[in-house]
K.L.:
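Got a structure for you, written out below as structure tokens; questions coming shortly.
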Amino acid sequence: MTDKVVLITGAKGGLGSFITRRFLETGATVVGASRSISQQDFPGPNFTALAVDFTKAVAVNDAVQSVISRFGRLDVLVHLLGGFRGGESVAETDYATWEQMRDLNVTSGFYVLRAAVPHLRKSGKGRIVALGSLTAVEPHPQLGAYITFKAALAMLVRTVALENRDAGLTAMSSCRAP
Ligand SMILES: NC(=O)c1ccc[n+]([C@@H]2O[C@H](COP(=O)([O-])OP(=O)(O)OC[C@H]3O[C@@H](n4cnc5c(N)ncnc54)[C@H](OP(=O)(O)O)[C@@H]3O)[C@@H](O)[C@H]2O)c1
């Protein structure tokens, strides 16, 4: 992985911290993104912190462009960013919760995929992995907003996979147990 540039969204989170450390161990150049991430979170020469709010389209475009300007390429996108809310039936779910789950779990994915795919195509062996959820493939009571948008993310990623086969780019969303 020493010649690869990897962008990880949600790099500072519970899963994100672990996955970011594992990529750093491979020798890849890792750009870790979240709103509050800093260089001190993963000290080391091959880590770059990118502070960005992934619910803002222009900011996401600028962030991806800054990766290309600095490193000249992008080979892997690990899209971990997401948010969880549960405990309410669909009838009890308020509009703000619905919009928050939409923005964190699918709109952020659309923004970063839209910005990153043209660069990942140029890699020749581009890879996209989006963190899904087991709950995205089966309905669950009291999880309507979360699972609806995780399911939408999975469909978005599968569509990207179909659209970019010609460039050797693969895209998958982890939804099922192996
Ligand atoms: N944990 C589980 O058991 C579990 C199970 C199934 C699926 N998942 C999925 O796995 C992924 C990671 O879960 P997790 O539990 O590790 O999440 P987490 O600990 O809540 O971490 C979320 C990460 O996203 C960042 N973030 C939140 N809002 C953001 C925004 N608007 N823009 C940019 N960054 C933002 C946070 O950092 P900042 O605050 O610095 O922005 C943080 O790095 C999610 O997609 C989740 O749905 C988790």
Side-chain angles (χ1 to χ4, degrees), residues 6-25 28 30-44 47-67 74 76-88 90 93-117 127-161 171-178:
V6 180
L7 172 61
I8 303 177
T9 73
K12 202 180 168 181
L15 292 172
S17 296
F18 177 78
I19 289 169
T20 300
R21 280 194 292 272
R22 288 291 294 122
F23 270 100
L24 287 168
E25 284 165 15
V30 177
V31 181
S34 84
R35 290 165 304 181
S36 67
I37 201 161
S38 75
Q39 212 53 41
Q40 286 68 44
D41 288 315
F42 301 93
F47 177 74
T48 299
L50 190 59
V52 56
D53 182 344
F54 277 86
T55 65
K56 311 281 187 225
V58 173
V60 175
N61 266 326
D62 290 349
V64 171
Q65 199 49 55
S66 76
V67 175
L74 181 62
V76 180
L77 169 66
V78 184
H79 181 56
L80 298 174
L81 168 60
F84 177 79
R85 276 287 295 272
E88 293 145 353
V90 170
T93 299
D94 60 37
Y95 300 126
T97 298
W98 180 262
E99 286 165 10
Q100 184 194 33
M101 291 298 96
R102 179 198 63 200
D103 292 350
L104 288 176
N105 290 309
V106 71
T107 305
S108 68
F110 169 63
Y111 289 163
V112 73
L113 288 165
R114 188 178 185 283
V117 162
R127 297 287 179 265
I128 297 170
V129 180
L131 238 293
S133 169
L134 283 173
T135 59
V137 291
E138 281 293 327
H140 286 261
Q142 272 76 49
L143 286 180
Y146 176 73
I147 64 178
T148 295
F149 295 115
K150 281 297 190 199
L153 176 68
M155 203 51 78
L156 186 68
V157 171
R158 287 173 64 187
T159 303
V160 166
M172 52 96 67
S173 167
S174 59
C175 289
R176 289 183 188 279

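Read the numbers this way: they start at 1 and go in the same order the structure lists the ligands and their atoms. Owing to the predicted nature of the structure, the values given are computational and were not obtained by experimental measurement.
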K.L.:
Can you tell which of Asp103, Leu80, Ile37 gets a heavy atom nearest to atom 11 (C) of ligand 1?
P.N.:
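Looking at heavy atoms only, Leu80 sits closest to atom 11 (C) of ligand 1.
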
K.L.:
Would you check if there is a donor-acceptor pair between the side chains of Ser36 and Lys12 at a distance under 3.5 Å?
P.N.:
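A donor-acceptor contact under 3.5 Å links the two side chains.
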
K.L.:
Going by atom type alone, with no hydrogens or angles, which donor-acceptor pairs under 3.5 Å involve a side-chain atom of residues 139-146 and a protein atom two or more places apart or on another chain?
P.N.:
none

K.L.:
Please list the nearest protein heavy atom to atom 43 (O) of ligand 1 with its residue and the distance rounded to 0.1 Å.
P.N.:
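Nearest protein contact, heavy atoms only, for atom 43 (O) of ligand 1 is Gly13 N, 2.8 Å.
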
K.L.:
Does ligand 1 have any atom that is closer than 4.0 Å to a heavy atom of Lys150?
P.N.:
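Lys150: in contact with ligand 1 (<4.0 Å).
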
K.L.:
Atom 1 (N) of ligand 1: which protein heavy atom is closest, and how many Å away?
P.N.:
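I find the closest protein heavy atom is Leu15 CD1, 4.3 Å.
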
K.L.:
Looking only at protein heavy atoms, identify the closest one to atom 38 (P) of ligand 1 and say how far it is in Å.
P.N.:
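The closest heavy atom on the protein side is Ser34 OG, 3.6 Å.
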
K.L.:
For atom 40 (O) of ligand 1, state which one of Ser108, Ser36, Ser17, Gly16 supplies the nearest heavy atom.
P.N.:
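Among Ser108, Ser36, Ser17, Gly16, the closest heavy atom to atom 40 (O) of ligand 1 belongs to Ser36.
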
K.L.:
Closest approach of Gly83 and Asn105, non-hydrogen atoms and distance?
P.N.:
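The pair with the smallest heavy-atom distance is O-ND2, 2.8 Å.
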
K.L.:
Could you name the option among Tyr111, Tyr146, Phe84 that has the heavy atom nearest to atom 47 (O) of ligand 1?
P.N.:
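Closest candidate by heavy-atom distance is Tyr146.
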
K.L.:
Report yes or no: does a heavy atom of Leu134 sit under 4.0 Å from some atom of ligand 1?
P.N.:
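In this structure, Leu134 fails to qualify as a contact of ligand 1 - no heavy atom is under 4.0 Å.
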
K.L.:
Only heavy atoms count here, so choose which of Asn105, Ile8, Val52 is nearest to atom 33 (C) of ligand 1.
P.N.:
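The option holding the nearest heavy atom is Val52.
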
K.L.:
Looking only at protein heavy atoms, identify the closest one to atom 17 (O) of ligand 1 and say how far it is in Å.
P.N.:
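Answer for atom 17 (O) of ligand 1: Gly14 N, 4.5 Å.
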
